[in-house]
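Hydrogens, waters and symmetry mates play no part in the numbers below; they use all other heavy atoms, side chains included. In the text below, chain A, chain B and the rest are named by the order of the sequence lines, each starting its count at 1.
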Amino acid sequence: MTVKPKHESSSSEEDIPLKATVSNTKASTLKKVKKVRKVAPKKEESSEEEDDEALSKAVKKRKKVRKENASKTKKIKIEDAIDSKVEKTNPDDKSDDSDTFRWWEQEENGDNTVKWVTLRHNGVMFPPEYVPLPSHVKLYYDGKPVDLPPQAEEVAGFFGGLLESDHAKNPVFQKNFFKDFLDVLNENGGTRNNIEIKSFEKCDFTKMFEYYQLQREEKKRLTPQEKKLIKLEKDKLEEPYKFCYLDGRKEQVGNFKLEPPDLFRGRGAHPKTGKLKRRVYPEDIVLNLDKDAPIPVPPAGHKWGEIRHDNTVQWLCMWRENISNSFKYVRLAANSSLKGMSDYKKFEKARELKKYIDLIRAEYTKNLKSKVMLERQISVATYLIDVFALRAGGEKSEDEADTVGCCSLRYEHVTLKPPTTVVFDFLGKDSIRYYQEVEVNKQVFKNLSIFKRPPKQPGHQLFDRLDPSILNKHLQNYMPGLTAKVFRTFNASKTMQDQLDLIPNEGTIAEKLMRYNAANRKVAILCNHQRTVTRGHVTSVQKATEKIEELEWAKIRYKKAILQLDKSQLKKDPNFFREIDDLTNEEQQAIHKRLIEREREKYNKKFIRENDKRKFENEELLPESDLQSWLASVDELEKQYAEELESGIVTVKPALQDVDKLRSQIEKLEQRIATSSLQLKDKEENSTVALSTSKISYIDPRLSVAFCKKYNVPLEKVFTKALREKFQWAIESADANWRFCET
DNA sequence: AGCCTGACTTAGGATGCCAACA
DNA sequence: TGTTGGCATCCTAAGTCAGGCT
């Protein structure tokens with residue numbers, strides 16, 4: 001799992017003398033960490049109340065809406081209706097290439113507010129209804145099988161499915177799950193065989209877990225044809241929801257599937273993790289379509305919550321979720337024109353920053369010494385956002401994970417080491433740790449120490465005068481539309497461009513690609529884009545390390561062999577033999593053991609496989625003696641190695657009893673060691689860095705397009721199919737000389 | 001003027017698939 | 001010829017930020 005250090009704040013508080021007067025920070029004005037939310041007092045407490053309130057509100061609204069819309073709903077077969085309405089420009093052409101709306105070739109249209117004129121779609125795809133488990137699969141309580149009502153069984157099953165995951169071991173997750181589970185159980189009349197469930201500890205979900213495992217395996221075992229058939233079926237069901245018509249053009253919908261009910265999997269130390277995310281019904285859903293659009297037919301026996309005709313937004317459907325009472329949307333896919341246009345605008349905005357960045361940097365550097373505390377804070381914050389690509393850092397409520405960004409940094413997140421070293425250590429978005437020990441501008445250092453002066457202490461806001469909206473308002477003074485996040489985009493793309501500029505236009509495609517990825521990695525590190533190490537990472541690193549050790553061992557062994565043939569070599573080239581005693585006896589022994597072990601395994605496997613094959617083909621089986629003789633040869637080798645270790649004299653194949661031959665073997669081994677080491681290093685460095693996020697969101701795609709054109713690298717080597725679709729606008733508009741900004 | 005909601009982008013983990021490899 | 005590891009895709013959580021409301 002990701003590192004989540006709640007490290008002690010080392011209080012290395014140097015009192016830095018300061019010339020400029022700073023407005024006094026009274027303890028009373030300090031924002032406390034855990035600010036009591038500034039919401040209406042009732043909202044505070046119990047989640048049941050909250051849910052009830054939200055529910056009844058929603059119900060009222062729904063009723064109102066239903067009344068309003070009752071007359072509107074026409075029962076038309078929606079698909080036909082949509083298709084008949086659409087005048088296709090090229091009716092027979094199925095290739096989506098010519099279907100695509102090349103908005104980037106159009107005159108730029110300044111109006112942002114109206115997103116479409118017509119919008120038609122089939123609503124959202126509902127998840128299947130719950131299918132109760134077979135009667136032999138049950139939750140056990142205190143050793144006894146429990147008869148649960150299906151609604152409660154479903155919730156128990158959610159937990160059962162996660163049994164071996166970290167979530168299920170998290171006490172907060174358990175507690176939240178158990179409470180919601182009991183609620184559902186009680187709402188549905190309790191257990192049906194009079195077992196009273198009281199304690200989580202007495203619940204045994206293993207039967208459920210095993211059942212899901214079994215199902216999964218069965219699914220895997222299906223023949224390719226069966227799998228294909230199932231997929232075909234699935235595609236057919238999804239088809240109507242995959243596309244919508246936006247201004248008459250067929251466009252892909254992104255998340256056309258409703259989120260199924262589940263246990264909420266909050267990230268980091270989320271207080272609500274494990275709570276039941278309840279099933280969403282048509283009555284919960286608001287549809288957004290144009291006024292004349294046919295209304296999709298809701299599932300039988302149901303009605304839509306509301307029909308809206310708001311062409312200033314880009315969503316198709318929306319509903320409120322019950323975990324934090326916020327909205328979820330069905331929206332267009334990444335390859336759609338609307339998404340493409342906003343993406344384009346995002347990067348153009350970032351490029352525009354280039355025109356102002358020098359001035360902004362000069363000003364914040366100057367204002368680091370401002371007499372006004374707020375200005376100092378703005379300057380330091382802007383500096384941190386600009387130099388270290390921090391996020392804005394809005395305030396969070398108590399029922400979310402405790403994570404911070406720039407403006408919400410607290411005393412304990414920043415450690416100062418004079419003269420100018422700063423250690424950042426905090427949990428950012430998604431509870432990803434940001435840990436950096438960096439050198440900062442002298443005045444920034446001074447200011448940070450002022451921001452940390454008593455009476456401030458751990459828990460207090462570093463920037464007590466600042467929040468993202470103040471900061472953003474300040475930034476707008478420089479450039480319209482400038483906000484904190486623009487700096488991240490700007491610096492990421494700028495970094496990428498600078499890094500790509502350093503790559504020589506030579507070598508193989510593989511080499512160029514490696515360098516492209518190295519540039520990408522620089523950006524990812526700047527943005528602190530991390531990933532958890534994959535399941536097999538530790539073992540695979542170990543394997544690779546052992547492999548290198550073995551190559552080293554083989555190399556040393558050959559060097560010894562050379563000396564056995566010709567002692568005078570040592571004098572001629574002592575450096576070459578320097579490493580000859582590098583491996584201790586224990587290390588050699590360990591290597592021997594691995595090599596021997598592997599040999600044995602190899603023969604054992606070979607024997608089994610060979611006989612399996614023969615059995616299948618009705619041939620005579622190999623006698624056990626064959627295996628024994630193979631293994632005997634391994635025993636022989638083992639003995640040989642042991643003797644070598646004892647005597648220090650190595651035995652090499654007769655063919656290699658020659659100094660020159662040995663030398664050329666050694667050279668080959670050295671090559672292999674070099675490549676393997678490089679690969680290992682790459683693997684290690686990449687194990688915690690996620691390259692994809694910056695590629696998808698921060699690096700102007702035109703940089704990659706220009707790189708590919710200029711360096712003759714096929715585009716599909718750097719952009720997956722999905723990315724090529726998403727960035728079609730960039731692919732078609734950037735040439736080999738395109739620049740993000742002048743350097 | 002601050003607060004909160006709504007709508008949008010950005011994010012890492014889970015899952016599924018395919019190709020490289022033994 | 002099955003395994004495995006790496007990558008693409010799917011999924012949805014978690015941010016940012018504007019604007020409307022009190």
Separation of [N] [atom2] from [X] [atom1] (nearest whole Å):
X       : N       : atom1 : atom2 : result
E400(A) : dT16(C) : CD    : C1'   : 13 Å
K346(A) : dT10(B) : NZ    : C1'   : 8 Å
K328(A) : dG15(C) : NZ    : P     : 13 Å
K396(A) : dA13(C) : NZ    : C1'   : 10 Å
K485(A) : dA7(B)  : NZ    : P     : 18 Å
D262(A) : dC11(C) : CG    : P     : 13 Å
F327(A) : dA14(C) : CZ    : P     : 18 Å
F256(A) : dT12(C) : CZ    : P     : 12 Å

Write down the protein N/O and nucleotide N/O pairs, taken from nucleotides 7-10 of chain C, whose separation is under 3.5 Å; answer none if there are no such pairs.
{"residue": "dT9(C)", "atom": "OP2", "partner": "T720(A)", "partner atom": "OG1", "Å": "3.2"}

Among [options], which nucleotide sits nearest the side chain of [X]?
X       : options                   : answer
D430(A) : dA14(C), dA13(C), dG15(C) : dA14(C)
R320(A) : dG6(B), dT16(C), dG13(B)  : dG6(B)
K339(A) : dG13(B), dA7(B), dT9(B)   : dT9(B)
A484(A) : dA13(C), dC17(C), dA11(B) : dC17(C)
W315(A) : dC8(B), dA11(B), dT16(C)  : dC8(B)
Q314(A) : dC8(B), dA11(B), dC17(C)  : dC8(B)

Do [X] and [Y] have side-chain N/O donor and acceptor atoms under 3.5 Å apart?
X       : Y       : result
R331(A) : N255(A) : no
T273(A) : N170(A) : no
S326(A) : E321(A) : yes
K396(A) : T403(A) : yes

Please work out if [X] contacts a base, only the sugar-phosphate, or nothing of the nucleic acid, heavy-atom cut-off 4.0 Å.
X       : answer
T312(A) : sugar-phosphate
R331(A) : base
A401(A) : nothing
G393(A) : sugar-phosphate
S326(A) : nothing
R267(A) : base
Y329(A) : base
K429(A) : base

Looking only at atom types and distance, does a side-chain atom of [X] sit under 3.5 Å from a main-chain N or O of [Y], one as donor and one as acceptor?
X       : Y       : value
R433(A) : G428(A) : no
S342(A) : L338(A) : yes
D180(A) : F177(A) : no

Residue met sooner reading DNA chain B from 5', once A690(A) and M318(A) are mapped to nucleotides:
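Result of the comparison: M318(A).
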Quick check on DNA chain B: between V313(A) and H529(A), whose nearest nucleotide comes earlier from the 5' end?
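So the residue in question is V313(A).
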Which parts of nucleotides 16-22 of chain B does protein reach within less than 4.0 Å, heavy atoms only, written one letter per nucleotide 5' to 3' as B for base, S for sugar-phosphate only and - for none?
-------
Counting only side-chain N and O atoms of [X], is one of them less than 4.0 Å from OP1 or OP2 of [N]?
X       : N       : answer
T693(A) : dG12(B) : yes
H270(A) : dA14(C) : yes
T403(A) : dA14(C) : no
Y698(A) : dT9(B)  : no
R265(A) : dC11(C) : no

Lys/Arg-Asp/Glu bridge criterion (N-O < 4.0 Å) met for D343(A), K339(A):
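Looking at D343(A) and K339(A), the cut-off is not met.
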If you assign each of K277(A) and G405(A) to its closest nucleotide in DNA chain C, which residue comes earlier from the 5' end?
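Per heavy-atom nearest nucleotide, the more 5' residue is K277(A).
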Test R308(A) against L287(A) for side-chain contact (heavy atoms from CB on, under 4.5 Å), laying out the working first.
CA-CA 6 Å; R308(A) 215 177 276 182; L287(A) 295 182; over 6 Å; no
Would you jot down, in residue-number order, the residues of residues 472-483 of chain A having a non-hydrogen atom under 4.0 Å from DNA chain C?
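Those residues are N472(A), Q476(A), T483(A).
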With [X] via ring-ring contact (aromatic ring centres under 6.0 Å, His included) - residues at least two apart:
X       : value
Y329(A) : W315(A)
F719(A) : F727(A)
F158(A) : none

For residues Y478(A) and Y356(A), establish whether the separation of their ring centroids is below 6.0 Å.
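Y478(A) vs Y356(A): aromatic centres not under 6.0 Å.
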Taking the six-membered ring for Trp, are F243(A) and H121(A) ring centroids under 6.0 Å apart?
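No, they do not, as the ring centres are separated by 6.0 Å or more.
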